[in-house]
There are 2 protein chains.
Amino acid sequence: MMYSIGETARRIGVNPSTLRYYDKEGLLPSVQRSSGGVRMFTENDFTWLRLIGCLKATGLPIKEIRQYILWLQQGDATLEKRRDMFYKQKAAVEEQMAELQRALDAVTYKCWLYDKAVEAGSEKVIRNIDPADIPEDIRKLRTNSGVYQDVDGLS
Amino acid sequence: MMYSIGETARRIGVNPSTLRYYDKEGLLPSVQRSSGGVRMFTENDFTWLRLIGCLKATGLPIKEIRQYILWLQQGDATLEKRRDMFYKQKAAVEEQMAELQRALDAVTYKCWLYDKAVEAGSEKVIRNIDPADIPEDIRKLRTNSGVYQDVDGLS
DNA sequence: ATGATAGTTAAAGTCAACTTTAAATTGGAA
DNA sequence: TTCCAATTTAAAGTTGACTTTAACTATCAT
C-alpha cells in the first residue's frame with residue numbers, strides 16, 4: 001500500500017511542505033516516486049518519519065539526522081559512529097528531562113502560590129511568605145528550582 | 001551587592017548580549033542603572049533570570065513572558081490570568097515530558113540494537129530481528145515509541 | 001477528454017531568539 | 001589624568017526549521 005504526500009502528512013501530523021523540505025534535506029532517501037515524479041510513501045516510511053520525529057524531539061538538528069543517514073548508507077564500517085550518536089543523544093535526553101523537571105518544579109510552585117493569592121484575592125499573602133507556612137512538598141519545589149525571593153515579590 | 005552585565009551573564013550562563021536583548025524585550029523591568037547608564041544586577045535579578053530560564057525551558061515564548069510581566073504590573077486584577085498561565089504551562093510541560101519519554105524509549109531501543117550490531121560487527125544480526133530474541137523490557141521500548149521495522153532495516 | 005484536486009520545483013519569505021557590528025561612553029586602576 | 005577593558009545603543013546579520021508563492025504537472029473521477 002502506497003500513500004500520497006498529503007495523506008502521509010495528515011497521518012504523521014505535519015505539513016506536506018515539511019515532508020518536501022525533509023526530502024530536500026536528504027532525510028527521506030527511501031521514498032519512492034511514481035513515473036510522473038509524485039512521491040509515494042509506505043508504512044516503512046511512516047516508521048522512518050516516526051524515528052525522525054523522536055530524534056527531532058530530542059533536539060537533534062536535521063543536519064545530524066542527515067549525517068546518520070550518510071553513515072547508514074556506508075554500512076558496517078560506521079556502526080560504532082551510529083551507536084555513539086544514539087548514546088550521546090540518550091545522555092542529552094536524560095539531561096533535558098532533568099532540566100524540564102526543574103522547570104516543572106518552578107511552575108508547580110508558582111501554581112501553588114497563585115492558588116493562595118487568588119484564594120485571598122491579593123498578592124499580599126504570598127509576598128515575603130514565611131517558609132514555615134509552605135507545605136514541605138511545595139517548599140522542596142521552591143528550593144529545587146532556585147526560583148524564589150522574586151523581584152516581583154511572588155516568592 | 002551589585003553585579004555588572006558581564007558578571008551576571010557569566011553566573012547565569014548566557015551571553016551578555018542575551019541579557020541586553022531580554023532587557024530590550026521588556027523582560028528585565030527591575031534592573032537598575034548607574035548614573036552613567038550602566039546596568040546593575042542584584043541577587044533578586046538573578047532569581048528573576050532563573051525564573052525566565054525555567055519558563056523558557058518549558059517553551060514559553062519571550063512575548064508571553066512579557067505578557068506575564070505586564071500582568072504583574074497591573075496588580076491583583078490579573079491574579080487569575082497569571083495563575084491560569086502557570087497552570088497552562090504546567091500541563092504543557094507534562095505533555096513535553098511524555099513526548100520526551102517516548103523519544104527516550106526510541107533512542108534507548110536503538111542503543112540496544114546498535115550494541116548488538118557492534119558486538120557482532122555487522123548490521124545483519126539486527127536486520128529483521130525476531131521479537132522473541134528481544135528482552136521484554138527492550139521490546140516494550142520498541143512498541144511504546146513506534147519506531148521499528150525501519151526503512152534501514154535496523155528494526 | 002476534461003476539469004478539479006493534489007502533486008511538483010525553485011526560490012523567496014517568515015519567525016523566534018539570539019549574535020554581531022560599529023561607534024560612542026563609562027568606570028576603575030595606575 | 002590617562003588608559004583600557006567593559007559597557008552602551010541601534011541596526012544589521014545569523015541560524016534553523018519550516019512555510020509560502022508561483023508556475024507548472026500529474027492523477028483521478030466523471
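This one's a predicted model, so the numbers in the text were calculated from it and none came from an experiment. Per chain, numbering begins at 1; letters A, B, ... match sequence-line order. Side chains included, hydrogens not; waters and symmetry mates left out as well; all remaining heavy atoms used.
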Asks: Using a 4.5 Å cut-off between side-chain heavy atoms of Ile, Leu, Val, Met, Phe, Trp and Tyr, which other residues end up in the same hydrophobic cluster as Val93(A)?
Replies: Met97(A), Leu100(A), Leu104(A), Val93(B), Met97(B), Leu100(B), Leu104(B)
Asks: Would you indicate what Thr18(A) reaches in the nucleic acid, counting non-hydrogen atoms under 4.0 angstrom: base, sugar-phosphate, or nothing?
Replies: sugar-phosphate
Asks: In whole Å, I'd like the distance from the CG atom of Asp23(B) to the C1' atom of dT9(D).
Replies: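 Going from Asp23(B) (CG) to dT9(D) (C1'), I get 12 Å.
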Asks: Using the benzene-type ring in the case of Trp, are the ring centres of Tyr87(A) and Tyr114(B) under 6.0 Å apart?
Replies: no
Asks: Find the distance Leu28(A):CG to dT8(C):P and express it as a whole number of Å.
Replies: 11 Å
Asks: Quick one: label Arg39(B) by what it contacts on the DNA or RNA (base, sugar-phosphate, nothing), any heavy atom closer than 4.0 Å.
Replies: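 The answer is sugar-phosphate, as Arg39(B) gets under 4.0 Å only of primed atoms, P, OP1 or OP2.
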Asks: Write down the distance between CD1 (Ile5(B)) and P (dT26(C)), rounded to a whole number of angstrom.
Replies: 16 Å
Asks: Quick one: Glu25(B) CD to dT9(D) C1', roughly how many Å, whole number?
Replies: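 Distance, rounded to whole Å: 15 Å.
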Asks: Which atom pairs link the protein and nucleotides 22-27 of chain D when you take only N or O atoms and keep those under 3.5 Å?
Replies:
unit_1: dT27(D); atom_1: OP1; unit_2: Ser34(A); atom_2: OG; d: 2.8

Asks: Quick test of your reading: applying side-chain hydrogen bond (donor to acceptor under 3.5 Å, both in side chains), list the pairs with at least one residue in residues 129-139 of chain B, sequence neighbours left out, ordered by first then second residue.
Replies: Glu136(B)-Arg139(B)
Asks: Connecting only ILVMFWY residues whose side-chain heavy atoms lie within less than 4.5 Å of each other, what is the rest of Met40(A)'s hydrophobic cluster?
Replies: Met2(A)
Asks: Can a side chain N or O of Ser17(A) be found less than 4.0 Å away from OP1 or OP2 on dC18(D)?
Replies: no
Asks: Should the pair Phe86(A) and Tyr68(A) be assigned to parallel (<30°), tilted (30 to 60°) or perpendicular (>60°) ring geometry?
Replies: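 Perpendicular: the ring planes of Phe86(A) and Tyr68(A) meet at over 60°.
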Asks: Return the value, rounded to whole Å, for the distance between atom CG of Leu49(B) and atom P of dC18(C).
Replies: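 Rounded to the whole Å, the gap is 12 Å.
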Asks: Test: salt bridge (charged side-chain N to carboxylate O under 4.0 Å, His left out). Region: residues 52-69 of chain B. Which pairs qualify, not counting sequence neighbours?
Replies: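 Passing the test, one end in residues 52-69 of chain B: no pairs.
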Asks: Considering residues at least two apart in sequence or located in another chain, which fulfil the ring-ring contact (aromatic ring centres under 6.0 Å, His included) criterion with Tyr22(B)?
Replies: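 With neighbours one apart ignored, the set is empty.
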Asks: Contact list please: residues 6-13 of chain B against DNA chain D, heavy atoms, distance less than 4.0 Å, in numerical order.
Replies: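 Within residues 6-13 of chain B, the residues near DNA chain D are Gly6(B).
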Asks: What is the distance, rounded to the nearest whole Å, between atom NZ of Lys24(B) and atom C1' of dT20(C)?
Replies: 12 Å
Asks: Kindly say whether Thr58(B) contributes a backbone atom to a donor-acceptor pair with the side chain of Gln96(B) at under 3.5 angstrom?
Replies: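 Checked: pair present.
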Asks: Does any donor atom in the side chain of Arg20(B) or Ser17(B) lie under 3.5 Å from an acceptor atom in the other side chain?
Replies: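 No, no side-chain donor-acceptor pair sits under 3.5 Å.
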Asks: Which residues pass the salt bridge (charged side-chain N to carboxylate O under 4.0 Å, His left out) test with Arg39(A), not counting sequence neighbours?
Replies: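 So Arg39(A) forms a salt bridge (charged side-chain N to carboxylate O under 4.0 Å, His left out) with Asp23(A).
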Asks: Please determine whether a side-chain nitrogen of the Lys or Arg among Glu7(B) and Arg10(B) lies less than 4.0 Å from a carboxylate oxygen of the Asp or Glu.
Replies: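 Looking at Glu7(B) and Arg10(B), the cut-off is met.
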Asks: Taking N or O atoms only and anything under 3.5 Å, show me the protein contacts with nucleotides 13-17 of chain D, one pair per line.
Replies:
unit_1: dA17(D); atom_1: OP2; unit_2: Ile62(A); atom_2: N; d: 3.4

Asks: Could you check how far CZ of Arg20(A) sits from P of dG7(C), rounded to whole Å?
Replies: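 The answer, rounded to whole Å, is 7 Å.
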Asks: Residues in side-chain contact (heavy atoms from CB on, under 4.5 Å) with Ser122(A), at least two apart?
Replies: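 Partners of Ser122(A) under the side-chain contact (heavy atoms from CB on, under 4.5 Å) test: Lys124(A), Asp76(B).
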Asks: Per the salt bridge (charged side-chain N to carboxylate O under 4.0 Å, His left out) rule, what does the pair list look like for residues 93-109 of chain B, sequence neighbours excluded?
Replies: Lys90(B)-Glu94(B)
Asks: Mind listing the residues from residues 84-104 of chain A sitting with a heavy atom below 4.0 Å of DNA chain D? Number order is fine.
Replies: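 Residues of residues 84-104 of chain A under 4.0 Å from DNA chain D: none.
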Asks: Is NZ or CZ of Arg11(B) both nearer than 6.0 Å to the six-membered ring centre of Tyr3(B) and within 45° of the ring axis?
Replies: yes
Asks: Mind calculating the distance between CZ (Arg33(B)) and C1' (dT7(D)) to the nearest angstrom?
Replies: 10 Å
